[in-house]
Amino acid sequence: MVRFKNRYVLCEVVSEDPRCRQCIEDRALGLAVRDAIARVHGDYGLACCSISFTVKYLNAYTGTVLLRCRKDSYRLLCSALPFVRYLESRAQRYPCFLNTLHVGGTIRTCQKFLIQHNRTQLLRLLQNCTNEEERQCIQKSLLSCSLTEEQSQSGDEEEDDGTE
Amino acid sequence: QNILTVCFSVGYSAVALNNVIDFKEKKQEIIKPVSPSELFPSLPIVQGTTKRIKVLTRLTLIVSDPSHCNLLRSTSANIRLYDIIAVFPKTEKLFHIACTTLDVDLVCINVTEKLPFYFRRPPVNMAIDRGIYFELLYTPAIKDSTMRRYTISNAISLMQICKGKNIVISSAAERPLELRGPYDVANLGLLFGLSEGEAKAAVSTNCRATMLHGETRKSACGVVYTVKKPRKVEEEETVPACKKAKTQA
């Protein structure tokens, strides 16, 4: 059966500047990644990777990004991701770097990994908690996160990260 | 200290802090390494496991003259305090000496300029047998385009000689934003000509082997490991009592 196989790369945007997270946009990120591929692999690399390249999912609170590319060229993309140095949006440059978390064949596997990852992050935040009500909040969201049909559950637990 | 917190959040389980000694300047004393407990009151826990993160100390010697190597054999007490020792040879002769006879754990490969010498197979094979690893830095590649070319060309020429064994990739990050996560660094290894399994090993198992190599160097081939035990005063008191009993009987 002929089907186009894709690879979904899950990354996290890490930056020192707290304002950087608020202005992550999908276009700015896509441009930054394409620029990095062009610098590292040249015209051929850029052309190969941009056949089916999009930013599928973006969460500004936690800085989680899901990129899609073809299975044949995902190595070019993955090897160029460490070279992303800054995000540019609204004429402002924010230095940051992308940390690759997981590469999967479908969005569903990436989502499962993301839920587990968020659960461990929440546990870590729980340890560093100082306020009692923040503690309650995190514990509640930990107990309620799971893979369901709706996307709203994963949205809830990630918003708690944003309020920290 | 910022760099270390970013390291831990990204998922590294052991970090080594580097001190670089350059011999071009006049006689330099080897300073004592900063103890990790001064930086962090309590080391945070590795993500996903219950062990604490290890912070090691490391010394890099930039040698451009055979007389500098004598420092390694000297009985300077401060050298013993470092966990890992690395050497950065500048000439072919020194590279040969470092691979065959010097007592180091890592040999750094220059990535910032064209190599003045070509690698040859005999010293590289001897280094692999002795358990010495070759180190490549990746932060210059992120910063600058010409450095990137030198990094890739030097790395690929090293790969062709050593077939991808005994490679460690590390960062010389001076700011927290120059650091990259372990998965990303393994992907960089693909650019350097390593295969996927070798690239992952370059970040994980080879580094662990280097740490163990440093430990064996500290403790007489890993067989004898001396630990200072606090003396128990009670034992000394009971011994004379027994002796008295024997003489009486």
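The chains referred to below are lettered A, B, ... by the order of the sequence lines, with proteins before strands, and numbering in each begins at 1. FYI, side chains are in, hydrogens and waters are out, and symmetry mates aren't considered; it's all heavy atoms of this structure.
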- Note on the structure: Okay, L98(A) and chain B: the region with an atom under 4.5 Å from a heavy atom over there is backbone

- What residues, two or more places apart in sequence or in another chain, satisfy ring-ring contact (aromatic ring centres under 6.0 Å, His included) together with H96(B)? none

- Query: Which atom pair, heavy atoms only, marks the closest approach of V103(A) to Y183(B)?
  - Reply: CG2-OH, 3.8 Å

- Task: Measure distances from R39(A) to the heavy atoms of chain B and classify the residue's part below 4.5 Å as side chain, backbone, both or neither.
- Result: both

- Message: Restricting to non-hydrogen atoms, name the atom on V40(A) and the atom on R148(B) that form the minimum distance, rounded to 0.1 Å.
- Response: CG2-NH1, 4.3 Å

- Query: In Å, rounded to the nearest 0.5 Å, how long is the span from SG of C78(A) to CG of D184(B)?
  - Reply: 8.0 Å

- Is it the side chain or the backbone of H102(A) that comes within 4.5 Å of chain B heavy atoms, both, or neither? backbone

- Is there any residue in residues 188-199 of chain B with a non-hydrogen atom under 4.5 Å from a non-hydrogen atom of chain A, and which ones are they? L188(B), L190(B), L191(B), E196(B)

- Message: Please classify the contact between C96(A) and chain B as side chain, backbone, both or neither, with a heavy-atom cut-off of under 4.5 Å.
- Response: backbone

- Do other residues, nucleotides or ligands put more than 12 heavy atoms under 6.0 Å from the CZ atom of F113(A)? yes

